Amino acid sequence: MKVKVKFFAILRERVGKGEVVKEVDEGCTVKELWATLQKDHPKLAGAQTRLLYAVNQDYVSGDHVLKERDEVVFVPPVSGG
Amino acid sequence: MKVKVKFFAILRERVGKGEVVKEVDEGCTVKELWATLQKDHPKLAGAQTRLLYAVNQDYVSGDHVLKERDEVVFVPPVSGG
Amino acid sequence: MFRVSRESLNLQELVDFVTDPEAGAIVTFIGTTRNNNEGRRVIALDYDAYAEMAEKELSRIGAQAEQRWKIRRMAIVHRVGPVQITQSSVAIAVSAAHRADAFEACRFAIEEIKKTVPIWKKEVFEGGEVWIGTQSGQPLSPGK
Amino acid sequence: MFRVSRESLNLQELVDFVTDPEAGAIVTFIGTTRNNNEGRRVIALDYDAYAEMAEKELSRIGAQAEQRWKIRRMAIVHRVGPVQITQSSVAIAVSAAHRADAFEACRFAIEEIKKTVPIWKKEVFEGGEVWIGTQSGQPLSPGK
């Protein structure tokens with residue numbers, strides 16, 4: 001099944017684009033999706049900086065299971081205001 | 001000597017005008033001036049409501065001694081804002 | 001900018017005045033005429049001011065705020081005359097490098113205005129009018 | 001009114017939106033680009049946002065504020081794209097019958113925005129640029 005991943009801020013810069021569509025297996029969690037993305041985009045790989053996860057515009061935990069056509073966003077530390 | 005008294009808000013309404021010039025003796029305090037004004041304007045006389053005193057646009061205490069041409073204001077409870 | 005004015009207030013003018021390249025935050029307060037007070041239906045508020053002294057007191061509040069908080073600029077304009085429902089009687093703007101200072105100084109300013117600045121509001125309501133802070137109909141005499 | 005916008009912010013529009021005959025107080029907060037930060041000379045801030053979710057989060061902040069305080073109306077607009085020195089990145093307006101509620105709800109809103117709303121600022125300074133909150137040059141990986 002397919003999910004859409006949007007990138008913002010530092011992630012957008014590292015990936016070099018704002019959006020990708022990924023083919024994932026049934027039962028794939030957002031955390032597993034992140035691992036896959038790190039293989040596709042080596043610049044995403046590496047040490048510990050806190051990321052949050054959003055699916056369809058709501059925050060979710062890392063073990064949230066994805067569904068067909070979900071919109072997934074990895075949220076680096078926010079700094080609005 | 002002469003001093004100028006300005007009236008505002010409820011005092012202006014009770015006196016019926018915004019300003020009077022009063023002849024007072026040397027050594028007269030603002031509190032004494034108030035007593036004189038109460039005789040001139042019976043509507044000012046009566047029971048206890050907190051008034052503050054201002055001379056030349058600064059708050060002063062009741063025993064402040066007046067000088068020629070002072071501008072005196074009796075300040076009922078303020079309610080700006 | 002510390003002013004008593006007969007004209008309707010222009011918030012943007014105050015904000016422009018306090019805008020500063022060293023500021024990261026601007027907090028404003030506007031007091032507006034509410035359509036009710038203590039169960040009365042308010043028609044309008046009518047403000048009287050000892051304008052020269054009021055402006056002096058507003059400046060003093062600004063100076064005090066500058067001593068207590070790290071603010072950049074402050075502006076206060078208070079209106080006199082009738083102020084209709086939803087219209088503004090007072091506007092305050094404060095800029096600061098950091099928001100905590102701007103919030104606290106702005107709050108301080110409005111609290112002080114209500115305590116020390118020689119401005120008075122008469123509430124005109126359905127069925128009468130009253131000078132707020134002065135018991136209606138009661139005679140006046142000096143404090144200590 | 002909870003909005004992410006590419007246009008420069010118009011404070012008066014927010015104030016008009018929250019103006020209400022039952023309100024006696026309006027408090028506003030504006031975040032402005034400061035010319036310095038942690039010793040760096042700032043040229044501009046450049047904001048990115050996950051706009052659809054950001055607007056949802058801003059509405060949630062408004063709903064939370066309404067539960068916690070007795071407020072009448074709230075408006076928040078956050079800008080995206082470059083914001084020059086002295087220009088506004090975010091504007092909040094809150095009306096309430098009484099000023100304490102308006103001050104507290106406005107302060108709450110800006111604190112929450114900085115914690116939960118998916119908006120990011122890149123600081124462009126003399127000699128470089130950095131996404132605030134993300135250690136420069138450090139790789140990223142997920143939390144718990």
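Residue numbering restarts at 1 for every chain, and letters A, B, ... go by the order of the sequence lines. In this text, all values refer to a predicted model and were calculated from it rather than measured experimentally.
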| request: Return yes when atom CD of Glu68(B) has more than 12 non-hydrogen atoms of other residues, nucleotides or ligands closer than 6.0 Å, and no otherwise. | output: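 Yes, CD of Glu68(B) has more than 12 neighbouring heavy atoms, counting only those of other groups under 6.0 Å.
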| task | Please check if atom CD in Glu7(C) has more than 12 non-hydrogen atoms from other residues, nucleotides or ligands closer than 6.0 Å. | result |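 Atom CD in Glu7(C) is not crowded, with 12 or fewer foreign heavy atoms closer than 6.0 Å.
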| query | If you measure from CG on Asn56(B) to CE on Met53(C), what distance do you get to the nearest 0.5 Å? | reply |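 Those atoms lie 10.5 Å apart.
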| query | Got a second to check how far Thr116(C)'s OG1 is from Leu52(B)'s CG, nearest 0.5 Å? | reply |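 Result: 10.0 Å between the selected atoms.
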| said: Treating Ser79(B) as the side-chain partner and Ile132(C) as the backbone partner, does any N or O pair qualify as donor plus acceptor under 3.5 Å? | reply: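 Yes, Ser79(B) side chain to Ile132(C) backbone: donor-acceptor pair under 3.5 Å.
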| task | Kindly determine whether Glu13(B) and Glu129(C) satisfy side-chain contact (heavy atoms from CB on, under 4.5 Å), including the steps that lead there. | result | CA-CA 12 Å; Glu13(B) 286 188 353; Glu129(C) 53 180 53; 4.2 Å; yes
Heavy-atom closest contact ([X] atom, [Y] atom, distance):
X: Val75(B); Y: Trp120(C); value: CG1-CZ2, 3.7 Å
X: Thr134(C); Y: Pro77(B); value: OG1-CD, 4.1 Å
X: Pro118(C); Y: Tyr59(B); value: CD-OH, 4.0 Å
X: Gly81(B); Y: Ser89(C); value: O-OG, 3.3 Å

| query | Going through the distances and angles, do Phe7(B) and Asp48(C) end up as a side-chain contact (heavy atoms from CB on, under 4.5 Å)? | reply | CA-CA 10 Å; Phe7(B) 298 108; Asp48(C) 193 12; over 6 Å; no
| task | Would you check, one step at a time, whether the test side-chain contact (heavy atoms from CB on, under 4.5 Å) holds for Lys6(B) with Glu52(C)? | result | CA-CA 12 Å; Lys6(B) 288 184 168 185; Glu52(C) 307 91 306; 3.2 Å; yes
Region of [X] that comes under 4.5 Å of a non-hydrogen atom in chain B:
X: Ile110(C); answer: side chain
X: Ala54(C); answer: neither
X: Lys121(C); answer: both
X: Tyr50(C); answer: both
X: Lys56(C); answer: side chain

| field | Heavy-atom contact with chain C under 4.5 Å, split by part of Asp63(B) | value |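 When you check distances to chain C, no heavy atom of Asp63(B) falls under 4.5 Å.
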